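Owing to the predicted nature of the structure, the values given are computational and were not obtained by experimental measurement. Residue numbering restarts at 1 for every chain, and letters A, B, ... go by the order of the sequence lines. Side-chain atoms are counted along with the backbone in the values below, which use heavy atoms only and exclude waters and symmetry mates.
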Amino acid sequence: MSKGKKQKKGIKRRMFLKRSGVGIGLMIGGVWLTRNPIRRTIIKTSETLVVPYAGPTSDPLLWLQITPDNNLILHSSKVEMGQGTFTGLAQIVADEMGLPIEKIKVVHAETKAGNLDPFGTGGSMSIASLWVPLREMAATLNLMLLNKAAEKLSVNPDTLRLEGGTITDGSQSLTYGQIVADVTEWDIPSTPPLKKRSEYTYLGKPVPRVDLKEKVMGAPIFGIDAEYPDMLYASVVRSRLIDAQMQNFDTTEAERMPGVIKIYQDEDFIGVIAETHIQAETARKKIKFDYNKNADWSLADIEEKITVGNGNKTIVQKEGPIVEDIDEDAEIIELAFRSSIGAHAQMEPNGAVANYQEGNLEIKVSTQVPQLTQSEVAKAMGMSKKEVNIIPTFLGGGFGRRLHTPNAIQAAKMSKAIGRPVKSFFDRQQEFQNDTFRPPTHHVMKAAVKDGEILGIEHQFASGDTLFNSAMDPGIERVVRADIGSVRGGTIIYDGMPRRATYYHVDLPFATSFWRSLGLLANAFAIESFIDELALKTKQSPVDLRLQYMRDDNPYIVRAKKVLKTCAQKAGYTDEVKDGRAMGIALTIDTGSPCAHVAEVSIVEGSIKIHKVTAVLDCGIAVNPDQVRAQVEGCVCMGISAALYEKMDLKENKLFPINYGSYDMALMRDTPKEIDVVLIEGIDKPGPVGEPPLGPIGAAISNALRRLTGERLTQMPLSAFIS
Amino acid sequence: MKITFNINGEPRSIDTDGEAPLLWVIRDGLNLKGTKYGCGKAACGACTIHVDGMQVRSCSYPAKFAEGKEITTIEGLSQGDNLHPVQQAWIDEVVPQCGYCQPGFMMATAALLKEIPNPTDEDIDNNIINVCRCATYYRMRKAIHKAAALAKQNPSE
């Protein structure tokens with residue numbers, strides 16, 4: 001088996017060294033010597049960092065548009081993929097502007113309007129990163145309206161006050177709609193002071209989702225629902241095999257199929273354009289081709305690659321010696337873990353609707369990265385960004401699957417070629433086989449134990465790309481080397497002893513990428529299962545053991561302790577098995593939001609049954625506690641699905657299964673009858689919500705099973721290994 | 001071939017390949033986009049509609065079988081502004097997240113409640129077998145019980 005990709009990687013690194021040149025060798029040498037501490041600093045910072053909002057803030061009108069009928073349109077550069085961001089943003093603006101929330105309509109910002117966010121939507125950062133800038137823009141807009149009203153009424157602005165959509169001096173008043181009427185130029189003042197929290201009415205209230213009605217009525221709001229008049233449908237050929245090139249296309253039969261208008265082919269892809277969706281798909285399946293395989297791959301080959309010791313090694317946490325060197329009398333406990341290749345399986349397949357008209361291109365698409373989609377499409381089409389307008393739609397699930405949008409480029413090329421709008425979507429099989437998967441992982445956990453005390457812990461782990469893929473500047477990969485996303489949740493939070501984490505980055509022969517919470521679920525599964533094992537080994541409660549090694553006064557540790565204690569108490573955590581049910585507990589700190597789960601588990605007729613999950617999350621201010629709860633419930637149930645069932649297999653270069661049903665997932669029957677969510681406000685601002693609650697669930701279930709069966713399961717999905 | 005049926009109470013005729021899945025006739029031929037494509041193999045339930053009152057996964061239902069039938073999609077579940085108890089319950093419990101699979105779940109639930117007006121948790125587990133990737137199942141279960149209660153208050157539904 002040739003390891004083609006690995007070689008390529010080697011060449012890349014040599015080129016980098018060569019480019020560095022002898023002349024600046026000394027300087028490079030200096031950086032080289034310090035690179036590992038620098039890398040560890042970057043990793044450590046990334047563990048708790050709320051990535052700042054990177055979009056425009058100087059012009060509130062890019063975000064907030066007052067309409068003549070006295071309503072407000074909030075043009076969000078963050079997309080709505082179910083996480084409830086639209087509702088939270090509306091609450092924040094309503095509060096700061098003193099508007100009834102019913103007056104606010106939230107829409108996706110089109111890229112042509114210029115409200116572009118280079119970060120896109122992800123990392124659980126939307127509300128957390130916009131908390132300050134959006135309030136500042138709202139407050140600034142209020143002041144702009146006040147000043148303009150003063151001008152129109154010819155009064156001193158100091159005599160005016162705001163009252164729920166009107167500005168008045170007591171005798172005369174103007175609605176916001178009246179103020180903006182006929183105004184073409186605005187003076188943007190410096191940001192006024194923000195309101196106090198006590199002045200907010202919507203903050204912290206369970207306001208119903210702003211998109212609730214549309215979603216319950218079946219409104220056409222998703223990318224796949226978008227249309228243009230005179231639109232055609234396309235279906236693109238995708239490779240069924242990994243690490244292989246399709247070749248020798250024969251389109252003879254496809255061309256003769258009913259409804260086919262054109263077979264589009266360029267150096268990148270081949271697609272059928274037809275009158276209807278079904279005609280395009282049916283004809284596409286008639287295109288014949290064969291493959292040129294670079295190498296043969298099975299799952300065993302992948303697991304061999306993804307093994308600690310293989311790949312690029314980076315020590316991401318280094319405090320004290322390795323566990324073997326701490327105390328020669330200590331016992332070394334070692335356990336190895338694995339997790340599967342995971343599919344996104346988001347319900348709306350990827351696709352796009354493109355309309356190319358005389359040098360202008362408009363694309364309606366479900367994307368988490370409108371700005372990136374715009375620049376990728378512009379580049380591929382040889383157009384300027386100005387000529388490409390991306391109209392983001394509601395996403396039928398994101399989960400990290402929509403940071404790569406090749407369908408937008410393909411639909412655009414086909415629309416240009418045929419001179420009509422084109423809709424091009426994956427079918428479900430294509431969606432599965434061409435997913436950008438959650439990479440498989442391997443973990444070796446070690447601890448030195450003596451006299452019931454833990455003297456040190458080490459986590460070595462191997463994984464593939466999550467952040468390091470086409471969406472990432474390759475320069476960052478060179479500097480950091482350890483994929484920050486795959487490392488998420490991979491360092492040891494328990495302190496007061498030597499601790500280490502060593503990451504092995506492996507190049508895989510298929511695409512892996514962002515999958516909700518990235519490395520967190522698998523890393524937490526390994527670490528938190530191991531901590532539980534250490535508690536059993538040292539005959540302590542797993543709660544006490546964790547608390548004993550959380551001695552730092554670092555605010556994240558302080559908050560995590562409270563989360564852990566609250567969770568244990570609320571769940572009535574016990575080590576004892578009662579009525580055939582056992583509990584398991586686990587704790588994570590992800591993107592700065594500590595979360596703990598207790599899972600109550602039994603085995604019914606050979607199947608794992610989760611009866612109850614108690615979930616405690618400290619995400620700071622919950623702008624909308626109902627939607628924060630919804631995210632926690634969703635993370636718990638999606639996590640149960642991943643932890644119990646989900647896995648892709650690989651045989652003869654084919655990844656499978658490639659549809660629902662055969663890709664085993666948790667459904668209604670697997671959902672706990674009780675999910676008790678407790679929110680703690682440990683900081684005075686909103687923190688990340690959408691992913692941190694996915695962290696502890698795998699380990700919590702596994703720890704419960706360990707107590708129930710006496711057996712430690714070390715591979716996810718767990719169901720495949722229960723006896 | 002020409003196929004004639006009633007959809008959401010209105011008679012419609014459409015020229016289509018009789019073997020084409022009814023899903024695409026509804027979505028693209030009749031421009032009713034609430035019925036969703038999920039899998040094409042009747043495995044996920046996103047495309048669930050009612051044909052003569054029975055739930056059907058329209059991605060795997062040839063259009064020709066719809067001839068002369070009474071079809072209901074999510075757009076026809078409510079009577080004008082009067083929400084169906086299932087939709088009302090979905091709103092009350094704030095079920096949807098991304099929302100893509102929800103029409104299929106609501107249609108499946110409406111069909112279930114016709115068969116079993118007061119479903120137990122076990123009935124729900126055994127009958128509601130659609131896929132929701134946001135995993136909103138926990139709230140759906142509550143909403144299904146709520147819908148059953150609402151339907152009892154308004155027996156006309």
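- For Phe425(A), no part sits under 4.5 Å from any heavy atom of chain B, backbone or side chain.
- Of the listed residues Arg141(B), Met106(B), Lys41(B), the one with more heavy-atom pairs under 4.5 angstrom with chain A than any other is Arg141(B).
- Within the 4.5 angstrom heavy-atom criterion, only backbone atoms of Phe426(A) (N, CA, C, O) approach chain B.
- Ranking Gly397(A), Gly259(A), Pro220(A), Ala630(A) against chain B, the residue ahead of the rest is Ala630(A), based on heavy-atom pairs under 4.5 Å.
- Glu67(B) places a side-chain N or O within donor-acceptor distance of the main-chain N or O of Thr4(B), the cut-off being under 3.5 Å.
- A salt bridge does not link Glu600(A) to Lys612(A): none of the charged side-chain nitrogens sits closer than 4.0 Å to a carboxylate oxygen.
- Contacts with chain B were tallied for Ile224(A), Ile221(A), Ile640(A); Ile224(A) has the most, counting heavy-atom pairs under 4.5 Å.
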Problem set entry | side-chain contact (heavy atoms from CB on, under 4.5 Å) assessment of Lys146(B) paired with Leu150(B) | CA-CA 6 Å; Lys146(B) 177 96 190 250; Leu150(B) 287 174; 4.3 Å; yes

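- Scanning residues 28-38 of chain B against chain A with a 4.5 Å heavy-atom cutoff picks out Asp28(B), Asn31(B), Lys33(B), Gly34(B), Lys36(B), Tyr37(B), Gly38(B), ordered by number.
- Chain B forms the most heavy-atom pairs under 4.5 Å with one residue out of Thr671(A), Asp225(A), Leu212(A), and that residue is Asp225(A).
- Of the two parts of Ser78(B), only the side chain, counted from C-beta on, holds a non-hydrogen atom closer than 4.5 Å to a non-hydrogen atom of chain A.
- The residues Arg420(A) and Asp230(A) are annotated as salt-bridged, a charged nitrogen and a carboxylate oxygen being separated by less than 4.0 angstrom.
- No side-chain N or O of Asn350(A) forms a donor-acceptor pair with one of Ser366(A) less than 3.5 Å apart.
- With a 4.5 Å cut-off on non-hydrogen atoms, Ala226(A) does not touch chain B at all.
- Ion pairing between Arg209(A) and Glu80(A) holds under the 4.0 Å rule for side-chain N and carboxylate O.
- Both the backbone and the side chain of Leu667(A) come within contact range of chain B, with heavy atoms under 4.5 Å apart.
- Side chains of Asn659(A) and Ser662(A): no donor on one and acceptor on the other come within 3.5 Å.
- Both tests hold for Lys364(A) against Tyr228(A): distance to the six-membered ring centre under 6.0 Å, angle to the ring axis within 45°.
- In plain terms, the two heavy atoms of Val272(A) and Ala283(A) that are nearest each other are CG1-CB, 3.7 Å.
- Using a 4.5 Å cut-off between heavy atoms, Met217(A) contacts chain B through both its backbone and its side chain.
- Asn118(B) and His145(B) are not linked by any side-chain donor-acceptor pair at a separation below 3.5 angstrom, with hydrogens and angles left out of the test.
- For Ser641(A), the part lying under 4.5 angstrom from a heavy atom of chain B is the side chain only.
- In terms of heavy-atom pairs under 4.5 angstrom with chain B, the leader among Met231(A), Lys423(A), Glu674(A) is Glu674(A).
- Put simply, of Pro349(A), Cys635(A), Pro208(A), Gly661(A), the one with the most heavy-atom pairs under 4.5 Å next to chain B is Pro349(A).
- Defined by atom type and a distance below 3.5 Å, a donor-acceptor pair is missing between the side-chain atoms of Gln279(A) and Thr282(A).
- Of the two parts of Ile144(B), only the side chain, counted from C-beta on, holds a non-hydrogen atom closer than 4.5 Å to a non-hydrogen atom of chain A.
- Annotation: Lys205(A), atom NZ; neighbour count of heavy atoms from other residues, nucleotides and ligands within 6.0 Å is above 12.
- For the set Glu431(A), Gln346(A), Glu646(A), the count of heavy-atom pairs under 4.5 angstrom toward chain B peaks at Glu646(A).
- Counting heavy-atom pairs closer than 4.5 Å to chain A, the top residue among Ile128(B), Asn126(B), Ile91(B) is Ile91(B).
- Contacts between Glu214(A) and chain B at a heavy-atom distance below 4.5 Å are absent for every atom of the residue.
- Heavy-atom pairs under 4.5 Å with chain A peak, among Gln102(B), Lys142(B), Arg139(B), at Arg139(B).
- For Pro672(A), the part sitting under 4.5 Å from any heavy atom of chain B is the backbone (N, CA, C, O) and nothing else.
- In this structure, the ring of Phe394(A) has its center less than 6.0 angstrom from the ring center of His108(A).
- Counting heavy-atom pairs closer than 4.5 Å to chain A, the top-ranked of the candidates Thr16(B), Val131(B), Val86(B), Thr136(B) is Val131(B).
- Salt bridge status for Lys673(A) with Asp125(B): present, with a side-chain N to carboxylate O gap under 4.0 Å.
- A donor atom on one side chain and an acceptor atom on the other are found under 3.5 Å apart for Thr85(A) and Gln83(A).
- For Asp626(A), the parts lying near chain B are the backbone and the side chain together; criterion is any non-hydrogen pair under 4.5 Å.
- Close placement of the Phe432(A) and Tyr660(A) rings is indicated, their centers lying within 6.0 Å of each other.
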